[in-house]
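Keep in mind it's a predicted model, so treat the numbers as computed, not measured. Order of appearance sets the numbers: ligands from 1, and atoms from 1 within every ligand. Side-chain atoms are counted along with the backbone in the values below, which use heavy atoms only and exclude waters and symmetry mates.
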Amino acid sequence: MKRKNIFFANAAFFIVSAAILVFLLRAPEETTSSLPVNENHRRFFSMESKKEAEKHCGECHAPGMTTPLPQDHPPKYRCLFCHKRNME
Ligand code: HEC
Ligand code: HEC
């Protein structure tokens with residue numbers, strides 16, 4: 001590549017990177033409820049593996065259990081990717 005082309009490639013890369021950074025920084029605040037800190041959920045905070053912890057959510061949050069998910073709940077695999085454990 002010619003020097004001039006390299007300069008323009010670098011400039012374009014810089015501008016695109018800056019635009020993405022600005023876009024990410026302007027993202028709205030997270031609104032999804034985090035994992036509650038209470039008797040029902042305390043044990044999940046000490047589990048290292050999210051996957052391991054998520055195996056137990058259905059004991060209560062499934063149809064016919066004590067606290068089923070709302071009808072309009074988004075796709076639900078990997079609970080803890082959306083409902084964060086707050087100290088993470
Ligand atoms: C032993 C039963 C039980 C288990 C197991 C359980 N939950 Fe819950 N969960 C509840 C109950 C009851 C409520 C509603 C009252 C409350 O906030 O604790 C609730 C509420 C919630 C809420 C709503 C919090 C809010 O602010 O409205 C989220 C999110 C949640 N649970 C996620 C999870 C996830 C993720 C798991 C698995 C890691 C899980 N729960 C496992 C019983 C359970
Ligand atoms: C793609 C993201 C996502 C995933 C994955 C997910 N949820 Fe949710 N969940 C939400 C959103 C958004 C709501 C709407 C209310 C809110 O902001 O908490 C919600 C609502 C809930 C509620 C109702 C309480 C409330 O705050 O209204 C419970 C309980 C819950 N989720 C548990 C779970 C469990 C258990 C799993 C895994 C089986 C799971 N969620 C997976 C995004 C998610």
S.K.: Using heavy atoms and a threshold below 4.0 Å, how should the contact between Cys79 and ligand 2 be classified: side chain, backbone, both, or neither?
M.R.: both
S.K.: Nearest 0.5 Å, what's the CD1-CG distance between Ile15 and Asn10?
M.R.: 11.0 Å
S.K.: With nothing but distance in play, are any N or O atoms of Arg78 less than 3.5 Å from an N or O of ligand 2?
M.R.: no
S.K.: May I ask you to identify, for Leu69, whether its side chain, its backbone, both or neither come under 4.0 Å of ligand 2 on a heavy-atom basis?
M.R.: side chain
S.K.: Under 3.5 Å, N or O to N or O, is Asn38 touching ligand 1 that way?
M.R.: yes
S.K.: Do me a favour and list the nearest non-hydrogen protein atom to atom 1 (C) of ligand 1 with residue, atom name and distance?
M.R.: Cys60 SG, 2.8 Å
S.K.: If you measure from each non-hydrogen atom of Arg43 to ligand 1, which part falls under 4.0 Å: side chain, backbone, both or neither?
M.R.: side chain
S.K.: Taking the N/O/S atoms of His41 one by one, which is nearest to atom 8 (Fe) of ligand 1?
M.R.: NE2
S.K.: One residue to check: Leu80. Relative to ligand 1, which of side chain, backbone, both or neither has a non-hydrogen atom less than 4.0 Å away?
M.R.: side chain
S.K.: As a check for students: among His83, Glu54, His61, identify the option with a heavy atom nearest to atom 9 (N) of ligand 1.
M.R.: His61
S.K.: Would you compute the distance between atom SG of Cys79 and atom NE2 of His73 and round it to the nearest 0.5 angstrom?
M.R.: 7.5 Å
S.K.: Have a look at ligand 2 and work out which part of Tyr77, if any, has a heavy atom under 4.0 Å from it: side chain, backbone, both or neither.
M.R.: backbone
S.K.: Which residue from Cys82, Cys57, Gly58 reaches closest to atom 38 (C) of ligand 1 through any of its heavy atoms?
M.R.: Cys57
